[in-house]
Amino acid sequence: MRTIKLEDAVAMIPIGATLMVGGFMGVGTPEPLVDELVRQQKGDLTVIANDTAAPGIGIGKLITARLLRRVIVSHIGLNPDTQQQMLAGELQVDLVPQGTLAERIRAGGFGLGGILTATGIGTIAEEGKQKIAVDGRDYLLEPALRAHFALVHAFIADYLGNLQYALTARNFNPLMAMAADTVIVQAENIVPVGVVAPDHVVTPAPVVDYLIAKG
């Protein structure tokens, strides 16, 4: 794990990359990283996230800046800009049930090819998807999700990169940290090794590639 300046971390992300971005309606989203993506005008991105938040909040900033080509989300949040771009054909929106989204990300992190879920059976969600019967019950085969980069927000990181999260800001962050080629973390607090007790570590240091330096 290396500490890195914010602008240098975002400079590594190429145009057209696929990103996982933690957060739920902006809670748990690494806002400084999102702001820097906008400043550097990193466009044509695919973002995997729970939602697109709202204008001026979290991923909503990327929507307003028209930097996204595609989003894979469980809902669009409270964001009329997302709806407008979706209806105009300017943004591809893939809607995935929230539990299915979480499990597809988890599968990507654990090296699995996908998951079987009964969610969506008998609805338009099953169109074009493979069905597999197990013990007489039909399931949809949903492929695993991975990304080039995961942008993670943590409450505490130590100097090795062990992470701890605060309350509901934890949400998708630990799953996404396991399911990307490169993991970039913005932490509210960076502390010496040993401050975070081993049994309180949620995301272990070996999966973290870069920690944004404070200041």
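When a residue number appears, it is its place in the shown sequence, counting from 1. All values reported here derive from a predicted model rather than from experimental measurement.
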Check: residues 177-198 side-chain donor-acceptor pairs under 3.5 Å, at least two apart:
residue : atom : partner : partner atom : Å
Asp181  : OD1  : Arg146  : NH2          : 3.3
Glu188  : OE2  : His153  : NE2          : 2.8
Asn189  : ND2  : Phe155  : O            : 3.1

For residues 85-92, which side-chain donor-acceptor pairs fall under 3.5 Å, sequence neighbours excluded?
residue : atom : partner : partner atom : Å
Gln85   : NE2  : Ile63   : O            : 2.8
Glu90   : OE1  : Arg66   : NH1          : 2.6
Gln92   : NE2  : Asp94   : OD1          : 3.1

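For the pair Lys129 and Glu126, the salt-bridge criterion is not met [side-chain N within less than 4.0 Å of a carboxylate O]. Using a cutoff of 4.0 Å between basic side-chain nitrogens and carboxylate oxygens, Lys42 and Glu36 are not scored as salt-bridged.
The two residues Leu140 and Gly120 have their closest heavy-atom pair at CD1-C, 4.1 Å. The two residues Ile57 and Ala53 come nearest to each other via the heavy atoms O-CB, 3.3 Å. What you find for Ala133 and Asp138 is that their closest heavy atoms are CB-OD1, 3.7 Å.
Distance check: Glu103 CD to Leu145 CG gives 11.5 Å after rounding to the nearest 0.5 Å. To the nearest 0.5 angstrom, Leu45 atom CG is 10.5 Å from Phe149 atom CZ. Between the CG atom of Leu116 and the CD1 atom of Ile132 there is a distance of 5.0 Å, given to the nearest 0.5 Å. Distance check: Ile48 CD1 to Leu175 CG gives 12.0 Å after rounding to the nearest 0.5 Å.
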Full working for side chain to side chain contact (heavy atoms under 4.5 Å, CB included) between Ile212 and Lys5: CA-CA 6 Å; Ile212 303 300; Lys5 293 181 179 179; over 6 Å; no
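With no hydrogens or angles considered, a side-chain donor-acceptor pair links Tyr165 and Thr203 at under 3.5 Å.
Heavy-atom neighbours of Asp199 CG from other residues, nucleotides or ligands within 6.0 Å: above the threshold of 12.
For Pro97, the side-chain contact (heavy atoms from CB on, under 4.5 Å) partners at least two apart in sequence or on another chain are Thr100, Thr119.
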